[in-house]
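What you see is a predicted model; the values in this text were computed from it and never measured. All values below were derived from every heavy atom in this structure, side-chain atoms included, with hydrogens, water molecules and symmetry-related copies excluded.
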Amino acid sequence: MSVDDAADQATQRKKMAALFHALADPTRLLILEHLKTGEHKVKELTEHLGLAQSTVSAHLACLRESDLVSVRTQSRASLYSRTESTQLSLLLTQAVALASVTGSEHHWHEEHPNQPEEV
C-alpha cells in the first residue's frame, strides 16, 4: 500500500467517524426523523421536540457539519431540512433493522466514564 493510499484511507475513516458521531446521539436522530416531514425553523423544532433552543441549534450545527441537514434563509428566518439522499434514508433504515436484532442498549456514560455528561 502506498503512502497516498494509506492517507486516503485515513481520511475516509475520519469522514466515516464524523458521520457516525453525528448519528450517535438520540436527539440528533429525533431531529432527522422530524425533518423528514419538511423544512422547520429552530423555534418550530424546539416546540415540537420540547427542547431548548440552544440544544436544538447545537445539534443542527453538528448535523450540518456532516451534510445531513441543510439550511435555507428566508427573510430573517433559517429553515432547516434533511439532506435528501437515498443513501441517508437507506442507512437510517438499516440502522433501525440492525438495532432491533442486536438486543442490547449501550450505556454510554456507564461504559465511558471519562466523557462529560449531557445536559
Side-chain angles (χ1 to χ4, degrees):
M1 176 184 315
S2 74
V3 173
D4 288 340
D5 289 341
D8 289 345
Q9 287 180 356
T11 299
Q12 188 64 23
R13 281 192 300 274
K14 287 179 182 178
K15 288 180 180 180
M16 289 172 54
L19 173 64
F20 284 117
H21 169 78
L23 295 172
D25 185 276
T27 301
R28 288 193 286 273
L29 292 172
L30 181 62
I31 290 170
L32 285 172
E33 184 179 314
H34 194 73
L35 289 175
K36 281 195 316 190
T37 65
E39 288 183 319
H40 290 281
K41 297 176 186 176
V42 172
K43 182 180 180 191
E44 294 169 345
L45 289 169
T46 61
E47 291 169 358
H48 289 291
L49 304 175
L51 299 170
Q53 183 271 329
S54 59
T55 300
V56 172
S57 292
H59 286 301
L60 285 169
C62 179
L63 292 168
R64 282 182 59 204
E65 288 173 8
S66 296
D67 293 326
L68 298 173
V69 167
S70 59
V71 62
R72 179 176 69 86
T73 304
Q74 182 180 40
S75 186
R76 290 180 17 177
S78 296
L79 296 166
Y80 290 86
S81 61
R82 197 168 106 172
T83 302
E84 287 306 316
S85 80
T86 304
Q87 292 86 357
L88 175 58
S89 296
L90 180 61
L91 177 63
L92 294 174
T93 300
Q94 291 299 314
V96 169
L98 183 60
S100 69
V101 298
T102 58
S104 66
E105 182 178 329
H106 181 74
H107 299 283
W108 178 260
H109 298 296
E110 294 168 14
E111 299 292 326
H112 307 284
N114 295 331
Q115 295 296 320
E117 291 289 325
E118 285 187 32
V119 179

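Cluster annotation: Leu30 is connected to Leu92 through the hydrophobic network of ILVMFWY side chains, with a link wherever side-chain heavy atoms come within less than 4.5 Å. Cluster annotation: Leu60 and Val71 are assigned to the same hydrophobic cluster (Ile/Leu/Val/Met/Phe/Trp/Tyr, side-chain heavy-atom contacts under 4.5 Å, transitive). By the criterion of side-chain heavy atoms lying less than 4.5 angstrom apart, applied directly or through intervening Ile, Leu, Val, Met, Phe, Trp or Tyr residues, Phe20 is not grouped with Ile31; the two fall into different hydrophobic clusters.
Arg28 places a side-chain N or O within 3.5 Å of a backbone atom of Ala22 that can act as its donor or acceptor partner. When atom types are taken as modelled, the side chain of Thr46 and the backbone of Gln53 share no donor-acceptor pair closer than 3.5 angstrom.
Classified by interplanar angle (parallel below 30°, tilted 30° to 60°, perpendicular above 60°), the ring pair His48/His40 is perpendicular.
How far SG of Cys62 is from CG of Asp25: 8.0 Å, rounded to the nearest 0.5 Å. The OG atom of Ser78 sits 14.5 Å away from the NZ atom of Lys43 when rounded to the nearest 0.5 Å. Leu35 contributes atom CG, which lies 5.5 Å from atom CG of Leu45 (distance to the nearest 0.5 angstrom). Distance CZ/Arg13 to CG/Asp8: 10.5 Å, rounded to 0.5 Å. Of the inter-residue distances, the one linking Gln87 atom CD with Gln94 atom CD reads 13.0 Å to the nearest 0.5 angstrom. Within the model, atoms CD of Glu33 and CZ of Arg82 stand 9.0 Å from one another, a figure rounded to the nearest 0.5 Å.
When side chains are defined from C-beta on, Leu19 counts as touching Leu68, because their heavy atoms get closer than 4.5 Å. Val69 is listed as a side-chain neighbour of Leu32, based on a closest heavy-atom distance under 4.5 Å. For the pair Leu63 and Thr83, the minimum side-chain heavy-atom distance is 4.5 Å or more. You'll find the side chain of Thr55 reaches within 4.5 Å of the side chain of His59, heavy atoms only. Contact check for Leu23 versus Leu91: side-chain heavy atoms found under the 4.5 Å cut-off.
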